[in-house]
Amino acid sequence: FLQVKSEGPKLVPFFKATCVYFVLWLPTSSPSWFSALIKCLPIFCLWVFLLAHGINFLVSHRSASRILAGLIFSAVGDAFLIWQEQGYFIHGLLMFAITHILYSSAFGMKPLDLKAGLLMGVVSSSCYAFLYSYLSGPFTYLVAVYIALIGFMGWRAMAGVQLCNDLWTWTKLSACVGAMLFMVSDLTIALNEFCFPVPYSRFIIMATYYAAQMLIALSAVETRDEEDFRKRS
């Protein structure tokens, strides 16, 4: 865990920016470029966190560069969602769909772990089955596609953590927990947007979202010999 401690100072700007967001707690009813900046600032800090490891690191580690790209699309999606009442909800949905594709690509397809895939398929299908009766128009299909994409991303993150076979690193565990928190955040958005008001929804959504993005960004950091991990898997 020495590697984890060494990454901590680089995340200080992220934690400060997150605190700024929760302290200011700007009303969602009056969207502005300032509120968009405050909301996106923690994600900008995660860009800096990855860039601080050097351009050579990002170029030589495709998974890290894909996670950085995912964070960029996330920030754009966050900005769109500031103006969701003005008709930009679908735009935000599209940006985050691209984010999940990039994260899935970063996590890779090895090990396959079909059991984890089946579990995630059941969870995703159950969520959509619950939401289905509340959906109408294009959201009937858009939400289905989105759930499939985030479920696939969750599967690829979960598959990397092979605890029984000791085939795991803290970066893989970080990706898995981050993906699960991302799913909790998005499910809360879906329930609040389409089904019924969720108590403290905004706090739940943003707290789990920022934690998820931080953990996924951390998962891009190479620690112990990744080649050894690939050989064992």
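Contact annotation: the side chain of Tyr210 approaches that of Ile43 to within less than 4.5 Å [non-hydrogen atoms, C-beta and beyond]. With contacts defined as side-chain heavy-atom distances shorter than 4.5 Å, the pair Leu118/Leu114 does not qualify. Between Phe89 and Phe139, some side-chain heavy-atom pair lies under the 4.5 Å cut-off. Looking at Met120 and Met180, their side chains come closer than 4.5 Å, going by heavy atoms from C-beta outward. The shortest distance between side-chain heavy atoms of Gln84 and Glu193 falls below 4.5 Å. Counting heavy atoms from C-beta outward, Phe80 and Met95 have side chains that approach closer than 4.5 Å.
Judged purely by distance below 3.5 Å, without hydrogens or angles, the side chains of Tyr209 and Asp78 pair a donor atom with an acceptor atom. Side-chain contact of Ser104 with Arg156: a donor-acceptor pair under 3.5 Å is absent, judged by distance alone.
Although no hydrogens or angles enter the test, the distance criterion places a donor-acceptor pair under 3.5 Å between the side chain of Ser74 and the main chain of Gly70. Ser201 places no side-chain N or O within 3.5 Å of a backbone atom of Asn192 that could act as its donor or acceptor partner. Proximity of a side-chain donor or acceptor of Ser125 to a complementary backbone N or O of Val122 within less than 3.5 Å is not detected. Trp47 places no side-chain N or O within donor-acceptor distance of the main-chain N or O of Leu68, the cut-off being under 3.5 Å. Remark: the backbone N or O of Gly137 is paired with a side-chain donor or acceptor of Thr140 at under 3.5 angstrom.
Ring geometry, His53 versus Phe49: the interplanar angle exceeds 60°, so the pair is classed perpendicular (tilted spans 30 to 60°). Relative ring orientation between Tyr146 and His100 is described as perpendicular, the plane-to-plane angle rising above 60° on a 0-90° scale split at 30° and 60°.
Checked against the 6.0 Å centroid threshold, Phe14 and Phe44 do not count as a close aromatic pair.
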Query raised in the report: Which is it for Leu218 and Trp170 under the side chain to side chain contact (heavy atoms under 4.5 Å, CB included) test, yes or no, and what are the steps along the way?
Result: CA-CA 9 Å; Leu218 268 173; Trp170 74 264; 3.9 Å; yes

Requested in this report: Begin with the C-alpha distance, continue with both residues' side-chain angles, and end with the deciding distance and a verdict on side chain to side chain contact (heavy atoms under 4.5 Å, CB included) for Ser185 and Ile204.
Outcome: CA-CA 7 Å; Ser185 179; Ile204 295 170; over 6 Å; no

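The shortest heavy-atom contact between Ala116 and Trp155 is C-CD1, 3.6 Å.
In this structure, the side chain to side chain contact (heavy atoms under 4.5 Å, CB included) partners of Phe203, at least two apart in sequence or on a different chain, are Phe22, Trp25, Ala207.
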